[in-house]
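Along the sequence shown, residues carry numbers from 1.
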Amino acid sequence: MDIVAQHANLYGKITVPGSKSHTIRALILATLADGKSTIKNPLPSADCLSTAAAVPLIGSKVELNLSKEDEPGSQWIVDGAGKNIHLPSDVVNVGNSGSLLYFLAPIVANFDGISIFTGDDSIKKRPVEHVLDVLNQLGARAESAIPNHNGCPIVIKGSISGDKVTTTGEISSQYISGLMMASILMKKKLTITLTNPKETPYLTMTQKWLEKVGVFCSISEDFKKIEVENRNELKAFDVTIPSDWEGVAFPLVAALMTDSQITIENVDSSGTQGDDAIVDILKSVGADIVWNKQKNTLLVSGGKKAKDGIGKLSTKALPNGELKVKMSAFPDAICALAVIATQIEGTVILEDAQVCRRKETDRLKVLTLELKKLGANIEEKEDSLVIKGGKKLHGGIVESYDDHRMAMSLSCLGLALAEGETLTVKDGECCAVSFPHFFEVMNKSLGANFKY
């Protein structure tokens with residue numbers, strides 16, 4: 001499905017769906033628990049639905065409360081496997097979900113027998129060497145089914161016998177979170193040593209989830225040592241999933257690039273999602289954003305609707321006239337930040353971003369390719385993007401690479417084009433991975449001008 005975007009000013013209120021990161025953790029931990037857990041406001045995205053389809057393979061039952069139109073409901077019930085948890089009863093197809101792959105693989109390595117993981121074409125290109133290495137360190141036998149291929153399908157023969165593992169942690173935080181959750185089933189306390197930890201807010205998120213279900217977890221201040229106690233029994237729980245900051249980023253930057261004033265409701269003010277750093281980053285270049293943490297709302301005013309009537313975004317007041325953002329803690333924000341950087345006067349450097357090359361696609365490479373098509377001054381370096389912005393871009397046709405964040409960020413950029421210009425984003429339906437019905441919601445709630 002091609003998306004055609006053209007100039008639009010936004011107004012109104014929008015509620016972003018629940019967090020994908022929280023939803024997937026909730027489904028997995030509810031599966032490990034005894035009894036029925038209730039998950040309210042889950043994200044009904046493709047990745048979360050892949051998880052809901054996968055966890056019954058190890059013993060839980062998931063009720064999505066489907067509507068007459070077969071849409072997942074706003075409250076999911078998980079009847080946990082608990083002490084009856086077992087080896088997957090079939091091949092685990094994770095779809096497009098790297099989170100599910102990296103979370104569940106360490107968990108099933110606790111079981112005697114063989115487990116097989118596969119996924120879609122994108123997942124088959126995602127690296128798995130780091131996951132296989134830590135499982136082999138712990139006494140399981142894990143390998144790619146295809147010789148000399150660093151990707152799915154993978155085969156895991158359990159079970160884990162060790163209790164100590166050393167790994168870099170720089171490729172992804174997800175397999176570390178998987179190990180932390182898998183420790184619940186281990187025979188001893190697990191000690192994880194990280195030599196170069198990245199995406200650390202997500203490790204804190206997993207720690208808070210483990211503490212919520214009664215599992216002791218400690219993380220050193222530098223994130224280089226993690227200890228998690230094993231636990232024989234988890235109790236079921238009820239939880240309301242907070243909104244997804246990764247999804248908040250798109251209406252946020254769209255409003256700032258146009259003469260818009262919007263309110264984003266039900267934002268997560270708990271501090272458990274590293275992507276909330278985008279607010280302070282954008283405010284540092286003059287963005288008019290008011291975050292009411294009591295009401296959990298963001299009031300975003302862009303262009304002529306900003307307090308100064310201009311809404312100019314500039315790096316002029318920053319050291320050396322540059323905005324430098326270390327992306328390793330929240331790499332999924334790079335698409336939204338790269339897009340709005342084209343509209344910020346001055347130089348924006350999105351650095352420490354090597355991990356962004358290992359997402360759904362090589363985001364450093366494809367952001368450079370597609371933004372250059374529209375006239376952006378952007379340079380790709382080994383682990384960073386350098387963007388000199390502040391001018392209007394022209395329309396054109398760009399590729400999403402079936403990457404949901406590419407599709408949403410580029411489409412939002414289309415709203416900031418001059419009157420009469422259009423931007424066509426190929427294969428925009430991939431946004432369902434993290435923000436179902438994104439284009440419909442943006443049109444209906446805020447008056448965006450997306451055609452599809």
So, do I378 and T342 sit near enough that their side-chain heavy atoms are less than 4.5 Å apart? no

Quick one: does any side-chain atom of T23 pair with a main-chain N or O of L43 as donor and acceptor, under 3.5 Å? yes

Residue pair V339, M257: steps toward the side chain to side chain contact (heavy atoms under 4.5 Å, CB included) verdict: CA-CA 10 Å; V339 159; M257 293 189 295; 3.8 Å; yes

For a quick test of reading the model, state the closest non-hydrogen atom pair linking S19 to I241 and the distance between them. N-CG2, 3.4 Å

Donor-acceptor pair, side chain of H404 and main chain of A407, under 3.5 angstrom: no

Give a yes or no answer on whether the side chain of D244 reaches the backbone of P17 with a donor-acceptor pair at less than 3.5 Å. no

Whether Q207 side chain and C217 backbone form a donor-acceptor pair below 3.5 Å: yes

Hey, are the side chains of W209 and V215 touching, using non-hydrogen atoms and a 4.5 Å cut-off? no

Consider side chain to side chain contact (heavy atoms under 4.5 Å, CB included). Of T166, I219, L203, which one does L194 pass it with? L203

Pair S122, D120: side-chain N/O donor-acceptor within cut-off below 3.5 Å: no

Run the side chain to side chain contact (heavy atoms under 4.5 Å, CB included) check on N110 and I85 step by step: do they pass? CA-CA 10 Å; N110 279 285; I85 196 164; over 6 Å; no

Under a 3.5 Å distance rule, please check whether S60 uses its side chain to pair with a backbone N or O of V78 as donor and acceptor. no

Can you confirm whether K157 is buried at NZ, in the sense that more than 12 heavy atoms of other residues, nucleotides or ligands lie under 6.0 Å from that atom? no

If only atom types and distance count, is the side chain of E233 paired as donor or acceptor with the main-chain N or O of D34 below 3.5 Å? no

So NZ of K359 and CZ of R126: to nearest 0.5 Å the spacing works out to 6.5 Å

Quick one: do the S269 and W291 side chains pair a donor with an acceptor below 3.5 Å? yes

Can you name the nearest heavy-atom pair linking P42 to P44, along with the distance? O-CD, 3.2 Å

Between the side chains of T272 and H22, does any donor sit under 3.5 Å from an acceptor? yes

Y452 and F439 aromatic ring geometry - parallel, tilted or perpendicular at 30°/60° bounds: tilted

Are R405 and D332 within salt-bridge range, i.e. N to O under 4.0 Å? yes

Modelled atom types, side-chain donor and acceptor of S99 and Q174, under 3.5 Å: yes

Would you check if L210 and I184 make a side-chain contact, meaning some heavy-atom pair closer than 4.5 Å? yes

Can you check whether I176 reaches E199 side chain to side chain, under 4.5 Å on heavy atoms? no

Kindly compute the distance separating CD1 (I24) from SG (C48), expressed to the nearest 0.5 Å. 4.5 Å

Does any part of the side chain of V325, heavy atoms only, come nearer than 4.5 Å to the side chain of M327, both counted from C-beta? yes

For V253 versus A336, what's the shortest heavy-atom pair and its separation? CG1-O, 4.0 Å

For the side chain of D427 and the backbone of D402, is there at least one donor-acceptor N/O pair under 3.5 Å apart? no

Within-4.5 Å side-chain heavy-atom neighbours: M406 and L367: yes

Quick one: are L299 and N292 in side-chain contact, heavy atoms under 4.5 Å? no

Once you measure the plane-to-plane angle for F450 and F438, does it fall in the parallel (<30°), tilted (30-60°) or perpendicular (>60°) bin? tilted

When you measure from the side chain of N230 to the backbone of K187, do you find a donor-acceptor pair of N or O atoms at a distance under 3.5 Å? yes

Between E351 and K324, does any NZ, NE, NH1 or NH2 come within less than 4.0 Å of an OD or OE carboxylate oxygen? no

Test: R141 and E143 ion pair at under 4.0 Å: yes

Can you establish whether the number of heavy atoms outside D222 located under 6.0 Å from its atom CG is more than 12? yes

Using a distance-only test with no angle check, is there a side-chain donor-acceptor pair under 3.5 angstrom linking T315 and E322? no

Go through the side-chain N and O atoms of S243 and D268 and say whether any donor and acceptor fall under 3.5 Å apart. no

Calculate, to the nearest 0.5 Å, the distance between atoms CD1 and CG belonging to I264 and L446 respectively. 8.0 Å

Checking the side chain of N136 only, and the main-chain atoms of A142 only, is there a donor and an acceptor separated by less than 3.5 Å? yes

Kindly indicate whether the side chain of F250, heavy atoms from C-beta on, has any atom under 4.5 Å from the side chain of M442. no

Yes or no on side chain to side chain contact (heavy atoms under 4.5 Å, CB included) for F435 and E246, after CA distance, side-chain angles and deciding distance? CA-CA 9 Å; F435 199 143; E246 295 165 6; over 6 Å; no

Any donor-acceptor pair under 3.5 Å from Y102 side chain to V128 backbone: no

Side chain to side chain contact (heavy atoms under 4.5 Å, CB included) evaluation trace for Y401 with R363: CA-CA 10 Å; Y401 300 87; R363 287 177 175 159; over 6 Å; no

Salt bridge (charged side-chain N to carboxylate O under 4.0 Å, His left out) for E129 and R358? Distances and angles first, verdict last. CA-CA 12 Å; E129 282 180 343; R358 297 183 288 266; over 6 Å; no

Atom pair CD1/CE of I107 and M181 - distance to nearest 0.5 Å: 5.5 Å

Using a strict threshold of under 4.0 Å (side-chain N to carboxylate O), is an ion pair present between K365 and E399? no

Just one of N196, T200, D352 clears the side chain to side chain donor-acceptor pair (under 3.5 Å) bar with S328, so which one? D352

Run the side chain to side chain donor-acceptor pair (under 3.5 Å) test on E265 and T297 for me, step by step, so that the C-alpha distance in whole Å, both residues' side-chain angles and the decisive distance to 0.1 Å come before the verdict. CA-CA 5 Å; E265 299 184 310; T297 61; over 6 Å; no

Shortest non-hydrogen contact from L100 to A54? CD2-CB, 4.0 Å

Closest heavy-atom pair and its distance - A236, G35: CB-C, 3.6 Å

Charged N-O contact under 4.0 Å between E380 and R357: yes

